[in-house]
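There's a structure below that I have some questions on.
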Amino acid sequence: MPKEKTYLCLCLDCGGQRQLIGNCRLCDSAQTPEAITETLIFNMELGYPTIEEAIDKFESYLDAAYDAGFKSMVVIHGYGSSGSGGGIKQTMRRHLEGNYYLPKVGSYYFGEDLKVGNEAFEELLKARSSIKKNQSHFLGNAGTSVLLLG
C-alpha cells in the first residue's frame with residue numbers, strides 16, 4: 001500500500017493542505033502557503049544532485065520555508081565518503097559560517113555537535129523546544145545541520 005503524502009502547509013486561498021513549493025494541488029493558487037508545523041525536514045541529497053544543484057534547491061526551499069513561517073529546518077546534506085565530508089556538506093557549512101543566509105537563518109547547529117545533555121543541544125532546545133520531536137534526524141549526525149529561521 002503506498003505511503004500517504006504528508007502536507008506541511010495550508011493554502012491561504014482554499015484552506016487545503018499543500019506542498020511548500022509549487023501551486024496548490026486543489027485550487028492551483030501560486031500564493032505563498034502557511035506552515036502548519038514548525039520544522040521542515042529537507043534532504044539535499046535526493047536525486048543525487050551536483051553541489052550547485054543541491055545548493056540552488058536548498059536556497060529555493062529556504063526562501064519558501066522562511067516566507068511560509070517555518071521556525072526551523074533540519075537539513076540532510078550527507079557526510080560524504082572522503083572521510084572529511086562531502087562537497088554538498090562542505091559548501092553548505094561554508095555558506096552558513098560565512099553568514100550567507102542571513103537574515104533568514106538566525107542560528108545553526110551541526111548534527112555532530114548535538115548530543116543529548118550537551119550544551120549545544122540544551123541551547124537548541126531552549127531556542128526551539130519543538131525541535132526535540134525531530135531529534136532522530138540530527139543527533140550526533142555529521143550529515144545534518146539544524147537551522148533556526150528568522
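Below, all heavy atoms of this structure are taken into account, side chains as well, without hydrogens, waters or symmetry copies.
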Counterpart residues, side-chain contact (heavy atoms from CB on, under 4.5 Å), relative to D113 (two or more places apart):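 Once residues adjacent in sequence are excluded, the partners of D113 under the side-chain contact (heavy atoms from CB on, under 4.5 Å) criterion are F110.
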Which residues share a side chain to side chain donor-acceptor pair (under 3.5 Å) with T32, sequence neighbours left out: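 Counting only residues at least two positions away or on another chain, T32 forms no side chain to side chain donor-acceptor pair (under 3.5 Å).
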Euclidean distance, T144 OG1 relative to M73 CE, rounded to 0.5 Å: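 Interatomic distance, M73 CE to T144 OG1, rounded to 0.5 Å: 12.5 Å.
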No-hydrogen, no-angle side-chain donor-acceptor test under 3.5 Å, H77 and S145: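 Result is yes, a qualifying pair exists.
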Atom pair CG/CG of L139 and L114 - distance to nearest 0.5 Å: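 Taking CG in L139 and CG in L114, the distance rounds to 6.5 Å.
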Cluster check L148, F70: I/L/V/M/F/W/Y, side chain < 4.5 angstrom: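 Shared cluster, no.
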Distance, nearest 0.5 Å, that separates CZ of R18 from OG of S29: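 Result: 6.0 Å between the selected atoms.
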Under the side-chain contact (heavy atoms from CB on, under 4.5 Å) test, residues paired with A54 that sit two or more places apart: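 So A54 forms a side-chain contact (heavy atoms from CB on, under 4.5 Å) with M44, P49, I88.
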Residue E119 excluded, over 12 heavy atoms near CD under 6.0 Å: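 At most 12 heavy atoms, drawn from other residues, nucleotides or ligands, come within 6.0 Å of this atom.
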S129 side chain vs K126 backbone, donor-acceptor pair below 3.5 Å: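 A pair under 3.5 Å: no.
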Partners passing side chain to side chain donor-acceptor pair (under 3.5 Å) against E112 (at least two apart in sequence or in another chain):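 E112 satisfies side chain to side chain donor-acceptor pair (under 3.5 Å) with R93 once adjacent residues are dropped.
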Contacts of D28 that satisfy side chain to side chain donor-acceptor pair (under 3.5 Å) - sequence neighbours left out: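 Expected list: N23.
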Point-to-point distance, once rounded to the nearest 0.5 Å, from SG of C11 to CD of Q31: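 Going from SG on C11 over to CD on Q31, the span is 7.0 Å.
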Pair listing, ring-ring contact (aromatic ring centres under 6.0 Å, His included) test, anchored in residues 112-139, at least two apart: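 As it turns out, there is no ring-ring contact (aromatic ring centres under 6.0 Å, His included) pair with a partner in residues 112-139 once direct neighbours are skipped.
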Cluster link V74 to I55, ILVMFWY, side chain under 4.5 Å: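 The answer is no; the residues belong to distinct hydrophobic clusters.
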Separation of L147 CG from L62 CG (nearest 0.5 Å):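 L62 atom CG to L147 atom CG measures 7.0 Å (nearest 0.5 Å).
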Side chain to side chain, C24 and C14, heavy atoms closer than 4.5 Å: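 Yes; the side chains approach each other to less than 4.5 Å.
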L26 reachable from L12 in the ILVMFWY side-chain graph, under 4.5 Å edges: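 No, because L12 and L26 fall into different hydrophobic clusters, even though each may have its own neighbours under 4.5 Å.
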Whether E53 side chain and T50 backbone form a donor-acceptor pair below 3.5 Å: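 At least one qualifying donor-acceptor pair exists.
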Partner residues of Q135 under the side chain to side chain donor-acceptor pair (under 3.5 Å) criterion, sequence neighbours left out: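 With sequence neighbours excluded, Q135 shows a side chain to side chain donor-acceptor pair (under 3.5 Å) to no residue whatsoever.
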Verdict with reasoning, L20 to L8, per side chain to side chain contact (heavy atoms under 4.5 Å, CB included): CA-CA 7 Å; L20 175 61; L8 303 175; over 6 Å; no
CD on E38 to CG on L149, rounded to 0.5 Å: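 It comes to 10.5 Å.
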Results of side-chain contact (heavy atoms from CB on, under 4.5 Å) for E122 - residues two or more places apart only: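 side-chain contact (heavy atoms from CB on, under 4.5 Å) check on E122 returns nothing, list empty.
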E123: partners by salt bridge (charged side-chain N to carboxylate O under 4.0 Å, His left out), with sequence neighbours left out: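 Partners of E123 by the salt bridge (charged side-chain N to carboxylate O under 4.0 Å, His left out) criterion come out as none, since no residue qualifies.
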ILVMFWY cluster, V75 and V105 together (side-chain gap under 4.5 Å):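 Looking at the clustering, V105 is in the same group as V75.
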K132, NZ atom: more than 12 neighbouring heavy atoms under 6.0 Å: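 Open.
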Set of side-chain contact (heavy atoms from CB on, under 4.5 Å) partners for E45, sequence neighbours left out: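 In terms of side-chain contact (heavy atoms from CB on, under 4.5 Å), with neighbours along the sequence ignored, E45 is linked to N43, I76.
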side-chain hydrogen bond (donor to acceptor under 3.5 Å, both in side chains): pairs with one or both residues in residues 54-72, sequence neighbours excluded: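 Those involving residues 54-72 are T39-S72, E59-Y101, D63-K104.
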Y7 versus R25, side-chain donor and acceptor atoms under 3.5 Å: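 Side chains of R25 and Y7: pair found under 3.5 Å.
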Hydrophobic cluster (4.5 angstrom, side-chain heavy atoms) - remaining members for L10: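 Listed partners: I36.
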Transitive ILVMFWY side-chain link I41 to F58, under 4.5 Å: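 No, because I41 and F58 fall into different hydrophobic clusters, even though each may have its own neighbours under 4.5 Å.
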